[in-house]
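Everything on this sheet refers to the single structure shown next.
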Number of protein chains: 2
Amino acid sequence: MEVTGHISGEDVPRRSASIWDVARVAGVSQQTVSRVINGKGRVSAETRAKVLRVIEELGYRPNKLARMLAGGPVRSVTVLTSDTSLYGAAATLRGMEEAARTAGFSVGISVLEPGSGQRDVAERLNRPGEAVMVIAYDDAGVRALASLPPDVPMAAAVERRPGAEAPDPWQVWLDDRAAAAHATRYLLSLGHRTVHYVAIPSSTSDLPQRTQGWADALRAAGRPLPEPLHGGWSPRSGYLAVRPLAADPSVTAILCGNDDLALGVMRAAREAGRHIPGDLSVVGFDDSPPAAYLNPSLTTVRLDFEGLGRACFGLLHRRLDPQNAPAVPAWSEPELIVRESSAPAPGSTF
Amino acid sequence: MEVTGHISGEDVPRRSASIWDVARVAGVSQQTVSRVINGKGRVSAETRAKVLRVIEELGYRPNKLARMLAGGPVRSVTVLTSDTSLYGAAATLRGMEEAARTAGFSVGISVLEPGSGQRDVAERLNRPGEAVMVIAYDDAGVRALASLPPDVPMAAAVERRPGAEAPDPWQVWLDDRAAAAHATRYLLSLGHRTVHYVAIPSSTSDLPQRTQGWADALRAAGRPLPEPLHGGWSPRSGYLAVRPLAADPSVTAILCGNDDLALGVMRAAREAGRHIPGDLSVVGFDDSPPAAYLNPSLTTVRLDFEGLGRACFGLLHRRLDPQNAPAVPAWSEPELIVRESSAPAPGSTF
DNA sequence: CTGAAAGCGCTAACAT
DNA sequence: ATGTTAGCGCTTTCAG
């Protein structure tokens with residue numbers, strides 16, 4: 001047999017270096033290596049240099065698992081969310097991540113399945129007591145929030161629960177209700193007799209915030225309150241929800257629970273031969289990136305999801321470390337962005 | 001001082017129960033509890049029942065960290081991806097998750113920052129040797145893939161590297177090149193003299209697959225090859241990239257690197273007074289959910305990202321457990337979906 | 001400044 | 001069928 005061993009047997013370590021290997025090679029105690037890594041406790045410059053050199057040499061990387069197990073500093077958060085392809089959740093997530101990363105936290109994400117139970121949620125935590133953020137805009141998120149063990153340090157971005165008198169101090173939300181009311185009043189001000197509403201799925205058993213705001217405004221103005229239409233999250237669901245009404249000339253203004261629904265609604269209306277905004281005004285919710293480029297461009301409520309996500313992390317940070325965490329950053333209130341999809345009611349004198 | 005202690009001192013465990021607590025209360029050894037939990041080794045039905053009861057009582061939940069540290073079965077994957085708000089990445093992620101969850105793996109996600117370096121990627125792994133999937137459609141993803149330590153078991157969804165003779169067996173991809181060529185030939189067949197292209201950012205230093213496919217088709221047909229336009233990922237970037245050309249009547253067909261770009265392109269064209277598809281045909285890439293509902297609805301290349309994600313996990317699974325992992329599922333090839341945004345060239349006799 | 005010892009919660013290998 | 005013994009890789013004590 002030829003001697004080829006020394007080529008492939010190039011001293012490849014079977015398993016990556018541990019803190020002990022570094023200590024051994026550097027000729028110091030394992031504890032000293034730990035000190036160098038964490039910058040805690042005083043170590044002579046010389047020793048530190050040597051240790052760092054060996055770390056480089058061996059390609060040593062600390063094992064997070066072990067560190068956490070041993071009760072090291074937390075510095076990590078898990079975000080529980082469902083369906084990252086929805087704009088609101090994705091944008092909130094971005095805000096959370098940015099803030100967490102900036103504060104030196106590493107962030108992991110775990111996606112909730114629609115059918116996930118209580119047991120399942122607990123299962124996702126690496127260890128009891130891990131820090132968690134929840135994006136609870138839909139049913140799965142709300143359930144996850146509810147089934148989180150009470151001892152875990154957490155903060156959540158939620159749809160505000162209607163009538164919550166003493167809101168959980170570890171939750172943040174946008175004032176969807178006021179925003180929906182504002183958008184509705186805007187449409188009424190254009191001369192529309194009433195406004196129809198296509199709802200996104202509710203995260204609560206009660207009326208969702210956006211639906212309530214819409215109803216608030218209609219009631220306050222003494223206008224007829226149509227039955228809300230039930231959409232999902234997708235353009236397709238908006239299309240299907242509105243198709244039965246699309247041709248009805250008495251329907252002149254539709255508010256949608258999100259921009260994707262609005263897209264489907266506009267298509268259903270066009271297919272029914274109606275012109276937007278001439279015959280029908282459509283207003284969305286979210287101001288997602290495509291909204292400004294649609295045809296017609298979409299009047300919509302801009303929501304500061306990223307800011308909300310940053311604030312949510314701010315809350316968590318203060319909870320974990322009340323002494324040193326900076327103040328929770330503010331976020332923007334919802335704002336109506338008027339574009340091409342809304343106009344005075346047909347036949348109105350505006 | 002009044003005696004209120006027994007009210008608040010309600011025996012609340014300061015820290016959650018460990019396997020030892022269960023063992024102690026159940027009057028068995030800690031190992032027996034482990035056996036019950038994992039269903040390994042024989043335990044008498046009686047003992048098992050008692051242990052389970054105590055587990056329930058104490059609300060005991062195993063600590064994943066400790067389990068992993070101790071070398072327990074892996075059953076967990078981390079997905080590295082950048083920007084989950086892009087349709088392609090989000091859909092791939094969904095496929096990966098579904099497949100992994102189905103196979104009994106828990107999946108965590110870590111989002112790559114655009115500027116993340118080599119060191120940073122290694123940092124995200126909980127322990128050396130953790131199983132990883134990478135979604136490498138953009139620069140950050142490709143860099144992460146490259147800087148992954150060679151010993152980690154991984155699989156990746158990638159844009160195919162041009163000219164890769166021996167493709168990595170742990171990678172999956174869609175044939176973007178052929179799909180782009182097909183879409184381009186389709187436009188030429190409608191009588192367009194040539195086709196312009198708005199590119200998404202490249203993940204490689206070489207020409208991206210979609211750009212190549214487009215060029216392939218043009219060259220094969222002996223048509224002029226315009227300089228590709230460089231877009232980003234957003235509708236806005238498509239809008240900005242095309243605006244300079246939008247009014248040019250010699251531009252009658254534009255292929256876009258994704259649907260969002262196409263949205264921006266269509267708007268730029270309309271603002272320049274051009275009618276779609278009468279004056280200008282626009283074709284997208286991805287067939288994202290909104291595509292069918294746009295005005296006009298978008299002709300686009302449907303890409304099976306979810307299937308690709310499932311296949312990617314299949315690959316990883318076989319790598320981790322060649323004996324028992326099922327065959328890697330197939331995924332669909334790209335398919336051109338013709339809708340309203342494309343039509344015969346103006347003045348053509350088709 | 002540095003080292004030794006104990007233990008985080010769990011599983012795998014040996015006992016019995 | 002169950003218990004005992006080692007670690008996994010790290011961070012806290014506590015001693016020098």
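Residue numbering restarts at 1 for every chain, and letters A, B, ... go by the order of the sequence lines.
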Which dot-bracket string fits DNA chain D when only Watson-Crick or G-U wobble pairs with both atom distances under 3.5 Å count, crossing pairs get [ ], and | stands for a partner on a different strand?
||||||||||||||||
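A side-chain donor from one of A:Glu130 and A:Thr78 sits under 3.5 Å from a side-chain acceptor of the other.
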For nucleotides 1-4 of chain C, tabulate all protein N/O to nucleotide N/O atom pairs closer than 3.5 Å, reporting atom names and distance.
unit_1	atom_1	unit_2	atom_2	d
C:dT2	OP1	A:Ser44	OG	3.1
C:dT2	OP1	A:Thr47	OG1	2.7
C:dT2	OP2	A:Ser44	N	2.6
C:dT2	O4	A:Arg35	NH2	3.4
C:dG3	OP2	A:Ser29	N	2.9
C:dG3	OP2	A:Ser29	OG	3.3
C:dG3	OP2	A:Thr32	OG1	2.5
C:dG3	N7	A:Arg35	NH1	3.3
C:dG3	O6	A:Arg35	NH2	2.4

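Summarising the geometry, the separation between CG on A:Leu69 and C1' on C:dG9 is reported as 6 Å, rounded to the nearest angstrom. Rounded to an integer number of Å, the gap from CD1 of A:Ile55 to P of D:dC10 is 10 Å. Between B:Arg24 atom CZ and D:dT2 atom C1' there is a gap of 19 Å when expressed in whole angstrom units. Atom NZ of A:Lys64 and atom C1' of C:dC8 are 18 Å apart (whole Å). B:Leu65 has its CG atom 17 Å from the P atom of D:dC8, to the nearest Å. Atom CG in B:Leu58 sits roughly 13 Å away from atom P in C:dG9 (whole-Å rounding). Remark: P of D:dG9 and CZ of B:Arg67 are 18 Å apart, rounded to the nearest angstrom. If you take CG of A:Asp21 and C1' of D:dC8, they are 13 Å apart, rounded to a whole angstrom.
At the phosphate of D:dC8, neither OP1 nor OP2 sits under 4.0 Å from any side-chain N or O atom of A:Asn63. Contact annotation: A:Lys40 side-chain N/O to D:dT12 OP1/OP2 distance is under 4.0 Å.
With sequence neighbours excluded, the residues satisfying side-chain contact (heavy atoms from CB on, under 4.5 Å) with B:Ala136 are B:Val134, B:Val142, B:Leu145, B:Val158.
Nearest heavy-atom pair across A:Arg75 and A:Ala103 is NH2-O, 3.0 Å.
A salt bridge does not link A:Lys50 to A:Glu46: none of the charged nitrogens lies less than 4.0 Å from a carboxylate oxygen. For the pair B:Arg94 and B:Glu98, the salt-bridge criterion is not met [side-chain N within less than 4.0 Å of a carboxylate O].
The side chain to side chain contact (heavy atoms under 4.5 Å, CB included) test with B:Asp21 is passed by exactly one of B:Ile55, B:Val33, B:Val54, B:Leu58: B:Leu58. The one candidate from A:Leu86, A:Thr81, A:Thr92 that meets the side chain to side chain contact (heavy atoms under 4.5 Å, CB included) condition with A:Tyr137 is A:Thr92.
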For a salt bridge (Lys or Arg N to Asp or Glu O under 4.0 Å) check, start with the C-alpha distance between B:Glu306 and B:Arg310, then their side-chain angles and the critical distance, and finish with the verdict.
CA-CA 6 Å; B:Glu306 288 201 28; B:Arg310 282 191 292 266; 3.8 Å; yes
side-chain contact (heavy atoms from CB on, under 4.5 Å) between B:Trp173 and B:Glu159, intermediate numbers included
CA-CA 6 Å; B:Trp173 61 84; B:Glu159 180 191 359; over 6 Å; no
